[in-house]
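To start, the structure under review is shown below, and the notes come after it.
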Protein chains: 2
Amino acid sequence: MKSFKISEAVIRRLPIYLRFLNDLSQSGIQTVSSQDLGEKLDLNPAQIRKDLAYFGEFGRKGVGYNVDYLIEKIRHILKLDKPMNVALVGTGNLGRALCNYNMYLKDNMKIVAVFDADESKSGTLINHLTVQPMRELTSVVKELDISVGIITVPAPEAQNVADQFITAGVRGILNFAPVVLKAHSGVRIHHVDFTAELLSLAYYMDHIQEKSEGVFE
Amino acid sequence: MKSFKISEAVIRRLPIYLRFLNDLSQSGIQTVSSQDLGEKLDLNPAQIRKDLAYFGEFGRKGVGYNVDYLIEKIRHILKLDKPMNVALVGTGNLGRALCNYNMYLKDNMKIVAVFDADESKSGTLINHLTVQPMRELTSVVKELDISVGIITVPAPEAQNVADQFITAGVRGILNFAPVVLKAHSGVRIHHVDFTAELLSLAYYMDHIQEKSEGVFE
DNA sequence: TAGATTGTTAATCGATTAACAATC
DNA sequence: TAGATTGTTAATCGATTAACAATC
């Protein structure tokens, strides 16, 4: 048994590999080289080989990687080979969009409970799920063995919701609110910050596009 | 006049600073130190000082940064001090959510046109905007001087939409589809990849949380 | 066998952090 | 003046890329 510290950058690339490998598999392609992957995903082939090599020897010299075998391996590494229950708080436009978007299903991640602070929404249905009041959160998280919470509430309420999730026992949070959340170590927080993506995009609009070159007086 | 290459990591932090500074400003706080910022945003104070110093001397030794002055400076750096027009393609749940979410307004970014490949949707209203057919895209982008395109279509159509945006003349794309897009240099693509965020979150769920430590046999 | 491609080491590159003189 | 905090250099740390022996 070996013990590694795998860097976050590596882990964040694995879902990108997985997604493209799934496409290949569906197209009936059985073998792929790091060269191919690199071209399609805009990554250095050496980086891809190195990333995968952290977890084992998945390829064959002179041949490449077997697509379905690699899919299986990455799914195992990311722990997508067993079901994981997810709860969502905040049934605004974005929250409802995510509930309907059940892409996660094939990756064994499933939204199984939805909450909203506005109790007048309790009982309404979103994609076969009944909206529940916040006071039910702790008990539902425990009953349904929910390990991940998605936050789609306005920024000022996000930290409060995160605290409730953490108290209830979730181990991971996916935050869509435009605010930096605090959590004790032991709880992992990923941030989907599309306002920041849009604002940083603005910076590049008038610049000469030679690898992040900028001019200032 | 000095010429820099500012790294992408630096640019991506500027909107985070800006957002928190806006909060401070609204709370009536006039001065902030890199120490304060670092604590609230989970960043190293030295990094914050260094980031800002790429663009000028915005602080005062022994005092800190004037909140409103720094806001003004960052807004200028990111080019948020002049209006920027945005178009969106794909009026599914996510697209509609983004149209309604006009947080961008105060940052001078405004969605001014919405398109959908499904022509039966043409003419419907989303938040005061009329959905238009794809064949109008090129002319509308030119007429309204649109420089950024948002893509919220299913993955298989995303590259095609990107190509149309690029042909029409946009210089930046914010892609929400779970696929890596290709573009010639000169067009900047940012990817909001929440499925990847969710899948990589799964990896950390059963791991001891000591800075990305993992164990494999 | 000849060509292709992995796994891995070494070299490079870039980003973060520590430290401190300058100065408010 | 004493305390605080910046701007900036140097040191550290980590991630990417190049190169190549191993081998299919």
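So you know, we letter chains A, B, ... as the sequences are listed, proteins then strands, and number each from 1.
- Here the side chain of B/Ser33 is nearest to one of D/dA18, D/dT6, C/dA19, namely D/dT6.
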Check: Under the side-chain contact (heavy atoms from CB on, under 4.5 Å) criterion, do B/Leu70 and B/Tyr17 qualify, and how do the steps go?
Finding: CA-CA 9 Å; B/Leu70 193 51; B/Tyr17 301 157; over 6 Å; no

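- Nucleic acid contact for B/Arg60: sugar-phosphate only, since backbone atoms but no base atoms lie under 4.0 Å from a heavy atom of the residue.
- Using a 4.0 Å cut-off between a side-chain N of Lys or Arg and a carboxylate O of Asp or Glu, B/Asp163 and B/Lys182 do not qualify as a salt bridge.
- The side chain of B/Tyr65 contributes an N or O atom lying less than 4.0 Å from OP1 or OP2 of D/dG7.
- Under 4.0 angstrom from either OP1 or OP2 of D/dA15 there lies no side-chain N or O belonging to A/Arg12.
- When atom types are taken as modelled, the side chain of A/Ser147 and the backbone of A/Arg171 share no donor-acceptor pair closer than 3.5 angstrom.
- Each of A/Gly62 and A/Val10 lies near DNA chain D, and the nucleotide nearest A/Val10 is the one positioned closer to the 5' end.
- Residue contacts shown for B/Glu57 are limited to sugar-phosphate atoms, with no base heavy atom under 4.0 Å away.
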Checklist line | Which nucleotides of DNA chain C pair, in dot-bracket form (Watson-Crick or G-U under 3.5 Å, | meaning another strand) | finding: ..||||||||||||||||||||||

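- The listed nucleotides are C/dA19, D/dT9, D/dC24; the one nearest the side chain of B/Arg49 is C/dA19.
- The side chain of B/Ser7 places no N or O atom within less than 4.0 Å of a non-bridging phosphate oxygen (OP1 or OP2) of C/dG14.
- Checking the phosphate oxygens (OP1, OP2) of C/dT6, a side-chain nitrogen or oxygen of A/Ser34 falls inside 4.0 Å.
- A/Ala97 approaches B/Leu94 most closely through the heavy-atom pair CB-N, 3.8 Å.
- Of the candidate nucleotides D/dT17, C/dA22, D/dC24, C/dA22 has the atom lying nearest to any side-chain atom of B/Lys61.
- Under the 6.0 Å cut-off for aromatic ring centres, B/Tyr101 and A/Phe194 qualify, their centroids lying closer than that.
- Distances from the side chain of A/Asn44 to the nucleotides C/dT8, D/dA18, D/dG7 place D/dA18 closest.
- The nearest pair of heavy atoms linking B/Leu88 to B/Gly95 is CD1-O, 3.9 Å.
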